[in-house]
Each structure stands twice: as structure tokens, then as C-alpha cells.
Amino acid sequence: MSKQELTIIVKSIIASNTLGEQLEAAQQLSFFYKKLIKHSHSDANETLVSGGIALSSSGAADCVDDYLRTVSFIKGIYKAITKLLTDSTEKNINILYAGCGPFATLILPLLPLFDKGRISAILIDINASSLESVQNFITLIDLEEYDLQLIESNAITYAIPEDFIVDLTISETMDCGLTREPQIAISRNIIKQLSSNAIFIPQEIRIDLAYTFFDYEPYFRKTINEVKGYKELQPYPYKVFVDRLFTINKEHFGRENHNSKIESAFYTLPATFENYPDVCLFTELTIFDDVELKTAESYITNPYCLMSMYGIRDYSEIKLIYDFGEIPKWSYQLQ
Ligand SMILES: C[S@@+](CC[C@H](N)C(=O)[O-])C[C@H]1O[C@@H](n2cnc3c(N)ncnc32)[C@H](O)[C@@H]1O
């Protein structure tokens, strides 16, 4: 019964169009997990690695409730798997899921939609208790006949087995403005091991610089019964787009690259800034193909405020520096 119930829910996620349909389908998925796995997940196993903080099992479980994130990733991954399977009707496909959390939310619900003989997957997490939970879930939901390997490892240093040629990688290990979590360090390690035609999800992460009034910007917040994001809020009219700081995709990390800093050019600071005093970063994702996650649709694409121009004097230019060597963070240089 559980597998059937899950299949109905995942189909409703894929078919959802309006915001209401998407929220309802994602809530059903969240209730399904909570009903099935009743014990609480550890909040004591947050792990610090060189590249960022891996969420605790409990923090990772909560991600399922970032509704539009969950729906958009599941839709994009469904599209990617369907494409891979139809592009080559003979071949099996290999999936690597880096940072699966206790529910493996972005892949397990989709499995019943595909032929078990055609998919193999490696699911990695740094937290052993998250993997125990995934194993429990696989048993409860009767997905044991799928070829799934669960591996406790750090995805920033993980070496993909030579006989496992990856067709699709999934990693959602990010926070807003690419701070805190190790998305970029994981992407760099995995992408350099992929063949040129493998798919990496998210396909693209874009970070834009703007001068604005942070408190008036649309911002995703979830209260018990409602989700408020940019769709209910008006865009702030005086926001000034400055530049796209960077675009992270397979090409960005396609070559050997040991640098864990990304620096921007210097940008002119406005002489008067009453209507846009804050230096802010805006994140958007292309998950796969036309499936996107826009600013303020989720926690991971919320705007990020770096500094207020009221706090500085006698400077005319700013340069931004993103450093993901340890806990990913932004800093700036003025001149
Ligand atoms: C934001 S949660 C997402 C969980 C789940 N994939 C989802 O989408 O709902 C990120 C997960 O990645 C794991 N993680 C973060 N950094 C990791 C690393 N360096 N190696 C392995 N797992 C990592 C965390 O432990 C956590 O379970």
C-alpha cells in the first residue's frame, strides 16, 4: 500500500502546475514521510567539513518542507531521468546522489515510476544515521529490488568507483547566497569526475549582485499553514541590478581547479542610496531544462544581504569575494 500511496503523491507532484497544487502535493509527501518514519531524527550530528556544514539528520529531514524546492527538484529530476532513458532505450542509467539526507527525497519517490532493471544509484551522506533512515525507508516502502548502494562518505572528497559511469548526479546541499553548506565544494569534486555528457542537477546556479532595500524584498517564509514567497509579494521597485557575479554549471568546474575563492570585479557604489542602501545577492537555479527555482521561491533562493552602505564612508567601489575553502562565506573589499 505504501508504495502505491507514494506513487500517487509523486505523480501529483509531477502534474502540479499552480502554486496551490504544488504546495498540496509537497505537503502530502511530507505527511507521508512523517507517517511512515515516526521516530525523530538526530539534531546532534551537524558536521563541519572543509567546504561547509553538513546539516544534521533532523535539519536535512526538514528540507522536505521547503515545498517549492522539493517539488521543483523532483520535477527536474523526473525530466532528466526520462530523457536519459528515452535517449538510449537499451542502456541502464547510473545515478549518484550526493547528500541524500534521511529520506533521499529527491530520488526514492521517483523510483516506482521507472523500470527497476534500468536504474542503479549510489546514495551518499556523511551522516550514518541518515543512511540508516534511508535503508529503513527502502524496506518499508518495498524498494529493495532496486539496485541501490548506500555509502557513508564525504562527497567533497569522494572518488566515484571506476566501474560506475555516472549519467546523472544530484546534489542539493545549499543555503541562500551559497553560504554555510558545501554545494560548491561538492560540485567541484563530483563534476571533475563526470564524463562530458553526464547531467549534473542543479544544472545552473546564478548569483546576481544588486543594490536594494533588503527589508522590502520578497522573502520566502513558511508559517504553519501558509507559504509566502515572491508570488504573493510585490517586487521592490527601486532595486538596481548591478551584475551577474557568477554562473556555476558543469563548464565552470569542467577543468582541474584548486581555487576555492571566486572574486568579482570592482563595482561603483552609488553616491546617493536612500532607496537602495543594501548590497545584496540574489540566487536563482535552473534545476533541469525549463524547471527553475526563482528568487524567494524557497529558503535556498532567498535574497542575502551582505552589507549596508550606511555603514561605510569615503569609498566609491566594492569588490565581492566568495570563499568556500571552509564554511562558505562572502566578504568584500572597498576602495
Ligand atoms: C540540504 S540537505 C538535503 C537532503 C535531501 N537531499 C533533500 O533534498 O531533502 C543536505 C544533505 O547533504 C548531506 N551533506 C552535506 N554535505 C555533505 C558532504 N560533504 N558529504 C556527504 N553528505 C553531505 C547532509 O548531511 C544532508 O543530509
Side-chain angles (χ1 to χ4, degrees), residues 10 13 26-27 29-30 32-34 37 41-78 95-111 121-135 137 148-160 168-191 193 200-202 205 260 283 285 287-288 291 293 298-302 324-328:
V10 80
I13 290 181
Q27 269 166 349
L29 183 65
S30 172
F32 176 85
Y33 277 116
K34 285 167 193 162
I37 300 181
H41 297 278
S42 170
D43 58 7
N45 55 358
E46 198 170 86
T47 313
L48 175 63
V49 285
S50 294
I53 295 173
L55 293 187
S56 67
S57 299
S58 156
D62 289 344
C63 294
V64 70
D65 293 333
D66 192 349
Y67 294 133
L68 283 182
R69 177 211 78 108
T70 301
V71 165
S72 306
F73 268 87
I74 287 179
K75 282 184 174 194
I77 292 162
Y78 173 74
I95 301 174
L96 178 72
Y97 186 177
C100 60
F103 296 150
T105 315
L106 305 182
I107 193 70
L108 288 192
L110 286 165
L111 290 179
I122 293 180
L123 278 54
I124 302 175
D125 207 281
I126 205 160
N127 281 324
S129 73
S130 288
L131 293 170
E132 276 164 33
S133 163
V134 173
Q135 185 54 59
F137 184 71
L148 306 172
Q149 292 177 58
L150 273 48
I151 301 201
E152 182 188 339
S153 177
N154 178 358
I156 296 169
T157 50
Y158 178 73
I160 303 171
L168 169 64
T169 300
I170 303 156
S171 191
E172 192 287 272
T173 43
M174 62 184 282
D175 203 344
C176 65
L178 287 175
T179 53
R180 237 175 86 79
E181 290 185 58
Q183 179 81 33
I184 299 304
I186 291 177
S187 305
R188 182 174 64 173
N189 175 44
I190 301 294
I191 286 173
Q193 301 180 63
F200 189 93
I201 284 183
I205 303 173
S260 56
T283 309
L285 307 181
I287 293 172
F288 180 70
V291 185
L293 200 55
S298 72
Y299 288 112
I300 63 177
T301 56
N302 264 337
F324 60 98
E326 294 301 325
I327 298 177

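Being a predicted model, the structure only gives us computed values, none of them experimental. In listed order, ligands and their atoms are each counted from 1. No hydrogens, no waters, no symmetry mates; every other heavy atom, side chains included, goes into these values.
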Expected rows: ligand 1 N/O, protein N/O, dist below 3.5 Å:
residue: ligand 1; atom: 6 (N); partner: Y97; partner atom: OH; Å: 2.6
residue: ligand 1; atom: 6 (N); partner: G99; partner atom: O; Å: 2.9
residue: ligand 1; atom: 8 (O); partner: R69; partner atom: NH1; Å: 2.8
residue: ligand 1; atom: 8 (O); partner: R69; partner atom: NH2; Å: 3.2
residue: ligand 1; atom: 9 (O); partner: R69; partner atom: NH2; Å: 2.9
residue: ligand 1; atom: 9 (O); partner: T105; partner atom: OG1; Å: 3.3
residue: ligand 1; atom: 19 (N); partner: N154; partner atom: OD1; Å: 2.8
residue: ligand 1; atom: 20 (N); partner: A155; partner atom: N; Å: 2.8
residue: ligand 1; atom: 22 (N); partner: I126; partner atom: N; Å: 3.2
residue: ligand 1; atom: 25 (O); partner: L55; partner atom: O; Å: 3.3
residue: ligand 1; atom: 25 (O); partner: D125; partner atom: OD1; Å: 2.8
residue: ligand 1; atom: 27 (O); partner: G101; partner atom: N; Å: 3.4
residue: ligand 1; atom: 27 (O); partner: D125; partner atom: OD2; Å: 2.7

If the condition is side-chain contact (heavy atoms from CB on, under 4.5 Å), which residues does S153 pass it with, not counting sequence neighbours?
I124, I151, Y158

Distance-only, no hydrogens or angles: does the T157 side chain make a donor-acceptor pair with backbone N or O of A155 under 3.5 Å?
no

What residue pairs, at least two apart or across chains, pass salt bridge (Lys or Arg N to Asp or Glu O under 4.0 Å) with a residue in residues 44-57?
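Qualifying pairs, neighbours excluded: E46-R180.
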
Checking E172 now: which residues fulfil salt bridge (Lys or Arg N to Asp or Glu O under 4.0 Å) with it, not counting sequence neighbours?
R69

By the definition side chain to side chain donor-acceptor pair (under 3.5 Å), identify the one residue from S42, S133, S130 that meets it with S57.
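Testing S57 for a side chain to side chain donor-acceptor pair (under 3.5 Å) against S42, S133, S130 leaves exactly one candidate, S130.
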
So do the side chains of P328 and L178 get within less than 4.5 Å of each other, counting heavy atoms only?
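In short, these two side chains do not touch, never coming nearer than 4.5 Å.
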
